[in-house]
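The basis for the numbers below is simple: all heavy atoms, side chains too, and nothing from hydrogens, waters or symmetry mates. By convention here, the first residue in the shown sequence is residue 1. All of these numbers come straight from a predicted model, not from anything done at the bench.
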Amino acid sequence: MSKTSQDVLRQIKDEGIELIDLKFTDLHGKWQHLTVASDLIEESSFTEGLAFDGSSIRGWKAINESDMAMVPDPSTSWIDPFYHHKTLSLICSIQEPRSGEPYARCPRALAQKALDYLGSTSVADAAFFGPEPEFFIFDDVRYNSGEGSSFYSVDTIEAPWNSGRVEEGGNLGYKIQLKEGYFPVSPNDTAQDMRSEMLLLMGELGIPIEKHHHEVAGAGQHELGMKFAPLINAADNVMIYKYIVRNVAKKYGKTATFMPKPVFNDNGTGMHVHQSLWKGGQPLFYGEGTYANLSQTAKWYIGGILKHAPSFLAFTNPTTNSYKRLVPGFEAPVNLVYSQGNRSAAVRIPLTGPSPKAKRLEFRSGDALANPYIAFSAMMMAGIDGIKNQIDPGDGVDVDLFELPSEELSKIDTVPSSLNDALEALKNDSQYLTEGGVFTEDFINNWIELKYEEVQQLRQRPHPHEFTVYYDA
């Protein structure tokens with residue numbers, strides 16, 4: 001049962017909690033926080049919020065309109081495991097303090113608008129999401145970008161490039177070779193206890209957990225598994241997941257990153273997202289006897305996903321680094337088709353057995369630097385548009401796309417090859433996002449402006465590899 005505001009206030013009193021940590025997600029998908037004395041939290045705090053200055057948050061308000069309010073969600077409360085003093089954590093949405101209206105650039109408030117819109121369409125009344133964020137754990141990371149130099153260096157004891165390194169006590173040689181990280185046991189897998197602690201801590205904080213394992217990349221790639229949840233809860237869970245991963249890694253003297261492509265020539269990091277719609281407690285994506293047992297509703301939803309993917313990738317793959325992973329010709333999910341078995345397809349239909357309730361689709365192209373509230377909402381809006389307009393995704397593609405002749409492969413659409421291309425697609429295809437006022441024109445234009453600045457920053461800088469190729473050309 002979800003906690004109410006009264007439950008939280010009672011817990012604060014009964015357990016003598018003196019500090020409350022208010023966490024909210026900024027546009028870029030990072031948690032920000034403010035810690036307050038517990039006597040500042042009252043019943044009205046859960047409706048009116050606590051005021052703060054939003055002018056210093058990237059992409060939010062100007063200095064002349066900086067007043068904002070954090071409104072804590074009582075159902076999200078947990079004791080923060082990383083603080084020395086006992087501190088109750090609450091996840092917040094942001095609202096305008098004078099009008100009481102949700103702040104249009106608040107990702108969590110946007111997700112609520114998306115769910116409200118879903119209910120208004122009569123298409124469905126619930127949306128479930130099952131994200132699978134991957135990450136790398138390194139022993140050491142160093143980087144710099146300046147006028148006369150630029151470099152990065154990541155390292156882990158597991159990495160194949162360390163097979164010849166002189167190590168304290170001797171190099172024992174248990175390295176994981178390129179693309180052979182799925183699933184070696186100890187002593188090659190050095191992070192078993194760390195991942196176990198991460199996963200069990202997630203469970204203690206209320207996330208429904210499933211599994212953990214080493215991922216494909218030899219240089220310290222990992223994944224923790226959690227069960228599906230309603231859209232906002234799933235996005236909250238992603239934020240808690242990232243928080244736990246980073247802080248437990250730090251406890252072990254390691255560092256964790258969700259960058260899609262921190263290592264050259266090995267597998268990149270994604271965030272596959274399972275999703276399904278329900279109505280009246282019944283699943284809408286199951287259709288017995290059809291391709292992959294998909295209902296017509298599910299196929300139309302897929303049609304919307306495939307049609308609008310080039311534009312919503314600006315949200316699901318929101319960094320220049322995202323497109324270092326999405327390179328055609330490798331195992332990356334770049335092909336805008338759906339399949340029940342082909343992992344290079346953007347949409348895969350997992351094998352789920354006979355249960356209609358388990359029927360879902362998996363969008364595989366996104367990555368874990370996405371803001372989950374925005375990314376899940378954008379994908380759902382694309383799917384709803386597919387259902388409303390009965391967009392046909394064509395037939396499922398089960399042939400080996402790597403074996404197709406180039407002439408046939410050229411007929412298959414692929415995802416954008418850069419963040420700039422995704423932003424251009426978003427400029428030209430955003431109407432489905434603005435239905436019901438879910439994404440405002442201001443939100444989309446502000447996002448494009450923020451992300452285009454990242455594109456420009458990278459465009460202006462020489463790349464270290466360019467010196468290898470061009471310096472003495």
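- With a 6.0 Å radius and a threshold of 12 heavy atoms from other residues, nucleotides or ligands, Glu18 has its CD atom at or below the threshold.
- For Tyr452, there are no ring-ring contact (aromatic ring centres under 6.0 Å, His included) partners, not counting sequence neighbours.
- Every residue two or more places apart in sequence or in another chain that forms a side-chain contact (heavy atoms from CB on, under 4.5 Å) with Phe467 is listed here: Pro462, Tyr471.
- When all heavy atoms of Leu22 and Pro72 are compared, the pair lying nearest together is CD2-CB, 4.3 Å.
- Checked against the 6.0 Å centroid threshold, Phe439 and Phe312 do not count as a close aromatic pair.
- A donor-acceptor contact shorter than 3.5 Å links the side chain of Lys242 to the backbone of Ala368.
- Ser322 is linked by a side-chain hydrogen bond (donor to acceptor under 3.5 Å, both in side chains) to Thr319, Asp367, counting only residues two or more places apart in sequence or in another chain.
- Atom CG of Leu40 has more than 12 heavy atoms from other residues, nucleotides or ligands within 6.0 Å.
- Under the salt bridge (Lys or Arg N to Asp or Glu O under 4.0 Å) test applied with Glu362, the options Lys359, Arg360, Arg364 reduce to a single match, Arg364.
- Comment: Arg142 does not engage Asp155 in a salt bridge, judged by the lack of any side-chain N to carboxylate O separation of less than 4.0 angstrom.
- Put simply, CG on Leu34 and SG on Cys92 are 8.5 Å apart, with the number rounded to the nearest 0.5 Å.
- Partners of Phe136 according to the ring-ring contact (aromatic ring centres under 6.0 Å, His included) rule, which considers only residues two or more places apart in sequence or in another chain, are Phe138.
- For the pair Lys357 and Tyr286, the cation-pi criterion (under 6.0 Å, within 45° of the ring axis) is not fulfilled.
- Contact check on Glu210 versus Lys227 returns no salt bridge, with no Lys/Arg side-chain nitrogen under 4.0 Å from an Asp/Glu carboxylate oxygen.
- Contact check on Glu223 versus Arg195 returns no salt bridge, with no Lys/Arg side-chain nitrogen under 4.0 Å from an Asp/Glu carboxylate oxygen.
- With sequence neighbours excluded, the residues that form a side-chain contact (heavy atoms from CB on, under 4.5 Å) with Ala126 are Phe128, Trp278.
- Each of Glu158, Lys254, Arg246 was scored for a side-chain contact (heavy atoms from CB on, under 4.5 Å) with Ile137, with one residue passing: Lys254.
- With hydrogens and angles disregarded, no donor-acceptor distance shorter than 3.5 Å links the side chain of Asn144 to the backbone of Phe151.
- Sparse packing is recorded around NZ of Lys307, with 12 or fewer heavy atoms of other residues, nucleotides or ligands lying under 6.0 Å away.
- More than 12 heavy atoms of other shown residues, nucleotides or ligands fall within 6.0 angstrom of atom OH in Tyr291.
- Checked by atom type, the side-chain pair Gln221/Tyr182 shows no donor-acceptor distance below 3.5 Å.
- Under the 3.5 Å distance criterion, the side-chain polar atoms of Asn247 are left unmatched by any main-chain donor or acceptor of Phe82.
- For His308, the side-chain hydrogen bond (donor to acceptor under 3.5 Å, both in side chains) partners at least two apart in sequence or on another chain are Asp385, Asp429.
- For His214 and Phe183, the distance between ring centers is not under 6.0 angstrom.
- Distance alone, capped at 3.5 Å, is enough to place a donor-acceptor pair between the Gln460 side chain and the Gln456 backbone.
- Just one of Val397, Asp398, Val347, Asp413 meets the side-chain contact (heavy atoms from CB on, under 4.5 Å) condition when paired with Val337; it is Val397.
- For Ala298, the side-chain contact (heavy atoms from CB on, under 4.5 Å) test picks out Phe285, Leu294, Ser295, with sequence neighbours left out.
- Applying the salt bridge (charged side-chain N to carboxylate O under 4.0 Å, His left out) test to Arg459 and every residue at least two apart in sequence or in another chain returns nothing.
- Taking the centre of each ring, Phe264 and His465 stay at or above the 6.0 Å mark.
- The ring of Phe129 has its center no closer than 6.0 angstrom to the ring center of Phe363.
- Residues forming a side-chain hydrogen bond (donor to acceptor under 3.5 Å, both in side chains) with Gln457 (at least two apart in sequence, or on another chain): Glu453, Arg461.
- Distance CD1/Ile209 to CG/Leu224: 9.5 Å, rounded to 0.5 Å.
- Residue pairs meeting the salt bridge (charged side-chain N to carboxylate O under 4.0 Å, His left out) criterion with at least one member in residues 70-92, sequence neighbours excluded, are Glu15-Lys86, Lys23-Asp80, Asp73-Arg108.
- The ring-ring contact (aromatic ring centres under 6.0 Å, His included) check on Tyr152 picks up nothing, with sequence neighbours excluded.
- Aromatic pair Tyr103/Phe24: centroids not less than 6.0 angstrom apart.
- For Lys324, the side-chain contact (heavy atoms from CB on, under 4.5 Å) partners two or more places apart in sequence, or in a different chain, are Lys261, Asn321.
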